[in-house]
A.B. asks: 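Following this message is one structure expressed as structure tokens.
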Amino acid sequence: MIISWNTTNQCNMLCKHCYRDAGAKVEEELSTEEGKDLLREIAKAGFKIMIFSGGEPFMRQDIFELAAYAKDLGLRPVFGTNGTFITKDVAKKLKHLGVMGIGISLDSLDPDKHDSLRCYKGAWQGAIEGMKNCKDAGLPFQIHTTVMDWNQQELEALTDKAVQLGAVAHHIFFLVPTGRASTIEKGSLRAQEYEEVLQRIMKKQQETSIELKPTCAPQFMRIAKEMGMDLRFQRGCLAGTSYCIIGPKGRVQPCAYLDMEIGNIRETPFSEIWKNNEVFKTLRRMDYSGGCGSCRYKKSCGGCRARAAYYHDGDYMAEEPWCLYHGREGVEAVWTS
């Protein structure tokens, strides 16, 4: 099981697609001691992989202390970052603390395009330097790319760049219009494009030595099966079943992109929320409506619950909108608007 904690809302960038609407630090973010309490609860709930993210997690002063504490609890600490704070010394320190991996964002091979999305001059170069510092320190890293209409043709080349830089994986995130990303919703891919891009990613997986993982596009599980591929992943959408996220102030959500507070760790211990919350129980029953409910791949795919909620007035159990299959044998249900 895997969990994310947005340790702070503070960030040195103002990315156009940020689900957290990060930038400035918010008041009453969890303290160091509250963070340690949370980590104990996360371990108690049975989670294994602990993602420290933000905002930009390396802008939090106690982040190394928290990562070390997570490691002591038996969790596998990893980070999601823009990479600009990973100096040689920081990479060495993270390796010494037992951090297991770093995810660094890279959205284009063109520095100007990457910097434009991130609203930060020098973001591309900073990310590349952070990756090189990780490699030099022996700290495993992977590249994270958010795919949209303007960079979809770069994906294979970005995978090649990841291999060249020494990354262990390339994870490709499909835009979900939440947070600031709602302002660029028109740039997200639609059903036909999703299908084609996922087919390309799975084909590239057959040709490359590193792991490729689509995120927020759970249809990749169906496509991989149709292509005769045996992936290590058991399910596409993990929201509420083996994943959730906690915000800077203790707000619990089923996933980063499903913007609904279902509890707060300042009011209820996290392990109790994870075990007893009704939204989590609903997600685990998988009683989806529409095509997702009748689809023979619903247990391995699940449809993107966040995208379902966005396009169906908050109904997170509705049909995934950007899917060609929809469980209808011989029928393509294509949304075009």
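The figures that follow rest on heavy atoms only: side chains count, while hydrogens, waters and symmetry mates do not. What you are looking at is a predicted structure, and each value in this text was computed from that prediction instead of being measured.
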A.B. asks: How are the rings of Tyr257 and Tyr19 set to each other: parallel, tilted or perpendicular (split at 30° and 60°)?
C.D. replies: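 Tyr257 and Tyr19: perpendicular rings.
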A.B. asks: Take Thr84 and Asn12, measure what side-chain contact (heavy atoms from CB on, under 4.5 Å) needs, and give me the verdict at the end.
C.D. replies: CA-CA 9 Å; Thr84 58; Asn12 57 328; 3.1 Å; yes
A.B. asks: Under 4.5 Å between any side-chain heavy atoms of Ser108 and Trp150, yes or no?
C.D. replies: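 Ser108 reaches Trp150 side chain to side chain.
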A.B. asks: Checking side-chain polar atoms at under 3.5 Å, does Ser105 have a donor or acceptor matched by the opposite partner on Asn82?
C.D. replies: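 Distance-only check fails for Ser105 and Asn82.
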A.B. asks: State which residue, out of Glu29, Gln61, Arg60, fulfils the side chain to side chain donor-acceptor pair (under 3.5 Å) condition with Thr8.
C.D. replies: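 Option passing the side chain to side chain donor-acceptor pair (under 3.5 Å) with Thr8: Glu29.
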A.B. asks: Does a side-chain heavy-atom distance below 4.5 Å link Glu28 with Arg266?
C.D. replies: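 Sidechains of Arg266 and Glu28: in contact.
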A.B. asks: Evaluate Met131 against Gln142 for side-chain contact (heavy atoms from CB on, under 4.5 Å), listing each step before the verdict.
C.D. replies: CA-CA 8 Å; Met131 294 175 201; Gln142 61 191 44; over 6 Å; no
A.B. asks: If you draw a 6.0 Å radius around NZ in Lys44, do more than 12 non-hydrogen atoms from other residues or ligands fall strictly inside?
C.D. replies: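 No, the 6.0 Å shell around NZ holds no more than 12 heavy atoms from other groups.
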A.B. asks: Between Lys121 and Asp115 (salt bridge meaning N to carboxylate O under 4.0 Å), is one present in this structure?
C.D. replies: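 No, no charged N to carboxylate O under 4.0 Å.
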A.B. asks: Distance-only, no hydrogens or angles: does the Glu41 side chain make a donor-acceptor pair with backbone N or O of Leu38 under 3.5 Å?
C.D. replies: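 It does not hold such a pair.
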A.B. asks: Return yes if some donor-acceptor pair links the side-chain N/O of Gln10 with the main-chain N/O of Ala24 below 3.5 Å, else return no.
C.D. replies: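 Here the side-chain-to-backbone pair does not exist.
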A.B. asks: Against Ile210, only a single residue in Val168, Ile143, Thr159 fulfils side chain to side chain contact (heavy atoms under 4.5 Å, CB included); can you say which?
C.D. replies: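 Testing each of Val168, Ile143, Thr159 against Ile210, the sole residue satisfying side chain to side chain contact (heavy atoms under 4.5 Å, CB included) is Thr159.
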A.B. asks: Is Met59 reachable from Ile51 through a run of hydrophobic residues whose side-chain heavy atoms are each under 4.5 Å from the next?
C.D. replies: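 Each belongs to a different hydrophobic cluster.
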A.B. asks: Same cluster or not: are Phe174 and Leu117 linked, directly or through other Ile, Leu, Val, Met, Phe, Trp or Tyr residues, by side-chain heavy atoms under 4.5 angstrom apart?
C.D. replies: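 No, separate clusters.
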A.B. asks: Is any side-chain N of the basic residue among Arg200 and Glu196 closer than 4.0 Å to the acidic one's carboxylate O?
C.D. replies: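 Between Glu196 and Arg200 there is no salt bridge, as every charged N stays at least 4.0 Å from the carboxylate O atoms.
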A.B. asks: Got a donor-acceptor contact below 3.5 angstrom from the Asn151 side chain to the Thr146 backbone?
C.D. replies: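 Yes; at least one donor-acceptor contact below 3.5 Å.
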A.B. asks: Evaluate the side-chain contact (heavy atoms from CB on, under 4.5 Å) criterion for residues Lys135 and Leu165: first the C-alpha distance (whole Å), next the side-chain angles of each, then the deciding distance (0.1 Å), finally the verdict.
C.D. replies: CA-CA 8 Å; Lys135 183 180 179 182; Leu165 290 166; over 6 Å; no
A.B. asks: Against the six-membered ring of Phe64, is Lys93 placed for a cation-pi contact (under 6.0 Å from the centre, within 45° of the normal)?
C.D. replies: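 Yes, cation above the ring, under 6.0 Å and within 45°.
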A.B. asks: Can you say whether the rings of Trp322 and Tyr311 are parallel (under 30°), tilted (30 to 60°) or perpendicular (over 60°)?
C.D. replies: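 Plane angle over 60°, so perpendicular.
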A.B. asks: Where the side chain of Arg180 meets the backbone of Ala22, is there a donor-acceptor pair that is under 3.5 Å apart?
C.D. replies: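 Looks like yes, one N/O pair under 3.5 Å.
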A.B. asks: For the pair Ser4 and Tyr243, evaluate side chain to side chain donor-acceptor pair (under 3.5 Å) and give the outcome as yes or no after the intermediate values.
C.D. replies: CA-CA 8 Å; Ser4 296; Tyr243 171 81; 3.1 Å; yes
A.B. asks: So that I can tick it off, tell me whether Arg190 and Asp149 are bridged by a salt bridge, with the cut-off set at under 4.0 angstrom between side-chain N and carboxylate O.
C.D. replies: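 Looking at Asp149 and Arg190, the cut-off is not met.
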A.B. asks: Thr268 vs Asn276, test: side-chain contact (heavy atoms from CB on, under 4.5 Å). Steps then yes/no.
C.D. replies: CA-CA 11 Å; Thr268 308; Asn276 300 320; over 6 Å; no
A.B. asks: Search all heavy atoms of Thr183 against all heavy atoms of Lys16 and return the closest pair with its distance.
C.D. replies: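 For Thr183 versus Lys16, the nearest heavy atoms are OG1-O, 4.3 Å.
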A.B. asks: Without swapping roles, check the side chain of Ser300 against the backbone of Tyr297 for a donor-acceptor pair under 3.5 Å.
C.D. replies: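 Yes, the answer is positive, given that a donor and an acceptor are paired below the 3.5 Å cut-off.
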A.B. asks: Taking the side chain as everything from C-beta on, heavy atoms only, tell me whether Asp110 gets closer than 4.5 Å to Trp124.
C.D. replies: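 Result no, sub-4.5 Å side-chain heavy-atom pair not found.
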A.B. asks: Without swapping roles, check the side chain of Asn9 against the backbone of Val26 for a donor-acceptor pair under 3.5 Å.
C.D. replies: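 A pair under 3.5 Å: no.
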A.B. asks: Any donor-acceptor pair under 3.5 Å linking the side chain of Glu154 with the backbone of Leu109?
C.D. replies: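 Side chain of Glu154 to backbone of Leu109: a pair is present.
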A.B. asks: Would you mind checking if Asp107 and Lys113 are paired as a salt bridge, meaning a charged N to carboxylate O distance below 4.0 Å?
C.D. replies: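 Asp107 and Lys113: not salt-bridged.
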A.B. asks: Any Lys/Arg nitrogen of Arg251 or Glu261 sitting under 4.0 Å from an Asp/Glu carboxylate oxygen of the other?
C.D. replies: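 Answer for the salt bridge query: yes.
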A.B. asks: Taking the six-membered ring of Phe233 (Phe, Tyr or Trp), confirm whether the NZ or CZ of Lys213 is under 6.0 Å from its centre and within 45° of its axis.
C.D. replies: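 Yes, a cation-pi geometry holds between Lys213 and Phe233.
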A.B. asks: Strictly distance-based, threshold 3.5 Å: is any side-chain N or O of Arg235 a donor or acceptor partner for the main-chain N or O of Cys237?
C.D. replies: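 Yes, the answer is positive, given that a donor and an acceptor are paired below the 3.5 Å cut-off.
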A.B. asks: With the threshold set at 4.0 Å, does a side-chain nitrogen-carboxylate oxygen contact exist between Lys36 and Glu65?
C.D. replies: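 A salt bridge links Lys36 with Glu65.
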A.B. asks: So which atom in Leu189 and which in Met148 form the shortest heavy-atom distance, rounded to 0.1 Å?
C.D. replies: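 That would be CD2-C, 3.8 Å.
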A.B. asks: Applying a strict under-4.5 Å side-chain criterion to I, L, V, M, F, W and Y, I'd like to know whether Met13 and Ile128 cluster together.
C.D. replies: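 No, no single cluster joins them.
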A.B. asks: Where do Cys255 and Ala239 come nearest, in terms of heavy atoms and distance?
C.D. replies: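 Shortest heavy-atom separation between Cys255 and Ala239 comes out as CB-CB, 3.8 Å.
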A.B. asks: Could you see if Leu39 belongs to whatever hydrophobic cluster contains Ile2? Use Ile, Leu, Val, Met, Phe, Trp, Tyr and a side-chain cutoff under 4.5 Å.
C.D. replies: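 No, Leu39 and Ile2 fall in different hydrophobic clusters.
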A.B. asks: I would like to know whether Glu56 and Thr81 meet side chain to side chain donor-acceptor pair (under 3.5 Å); could you show each step before the answer?
C.D. replies: CA-CA 6 Å; Glu56 173 49 54; Thr81 172; 2.9 Å; yes
A.B. asks: CD/Gln253 to CD1/Ile262 distance, rounded to the nearest 0.5 angstrom?
C.D. replies: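 Nearest 0.5 Å value for the CD-CD1 distance: 8.5 Å.
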A.B. asks: Are Phe47 and Phe270 an aromatic pair by the rule of ring centers under 6.0 Å?
C.D. replies: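 Between Phe47 and Phe270, the centre distance is under 6.0 Å.
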A.B. asks: Identify whether the distance between the nearest side-chain nitrogen and carboxylate oxygen of Lys281 and Glu278 falls below 4.0 Å.
C.D. replies: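 Result for this pair is yes, salt bridge flagged.
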A.B. asks: What class does the angle between the rings of His144 and His171 fall in, given that below 30° is parallel, 30 to 60° is tilted and above 60° is perpendicular?
C.D. replies: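 Correct class here is parallel.
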A.B. asks: Is the ring pair Phe79/Phe58 parallel, tilted or perpendicular, if the boundaries are 30 and 60 degrees?
C.D. replies: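 Parallel.
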A.B. asks: Can any side-chain N or O of Asn277 pair as donor or acceptor with the backbone N or O of Ile273 at less than 3.5 Å?
C.D. replies: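 No, because the side chain of Asn277 does not come within donor-acceptor range (under 3.5 Å) of the backbone of Ile273.
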A.B. asks: What pair of heavy atoms forms the shortest contact from Gly303 to Cys292, and how long is it?
C.D. replies: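 Looking at all heavy atoms of both residues, the closest pair is CA-SG, 4.3 Å.
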A.B. asks: Is Phe280 linked to Ile245 within one hydrophobic cluster, defined over Ile, Leu, Val, Met, Phe, Trp and Tyr using a side-chain heavy-atom separation of less than 4.5 Å?
C.D. replies: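 They do not share one cluster, since no chain of ILVMFWY contacts under 4.5 Å joins Phe280 to Ile245.
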A.B. asks: Please report the shortest heavy-atom distance between Leu283 and Pro254, naming the atom on each side.
C.D. replies: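 Scanning both residues completely, I find the closest heavy atoms to be CD1-CB, 3.8 Å.
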A.B. asks: Roughly how far apart are Ile102 CD1 and Lys95 NZ, rounded to 0.5 Å?
C.D. replies: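 That separation rounds to 11.0 Å.
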A.B. asks: Any ion pair linking Arg232 and Glu211 (charged N to carboxylate O, less than 4.0 Å)?
C.D. replies: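 A salt bridge is present here (some side-chain N lies under 4.0 Å from a carboxylate O).
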A.B. asks: Is the Lys NZ or Arg CZ of Arg305 less than 6.0 Å from the centre of Tyr288's six-membered ring, within 45° of the axis?
C.D. replies: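 The answer is yes, since Arg305 meets both limits relative to Tyr288.
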A.B. asks: Looking at Pro177, is its backbone amide N or carbonyl O close enough to the side chain of Glu185 to form a donor-acceptor pair, meaning the two atoms are under 3.5 Å apart?
C.D. replies: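 No; judged by distance alone, with no hydrogens or angles, the pair does not exist.
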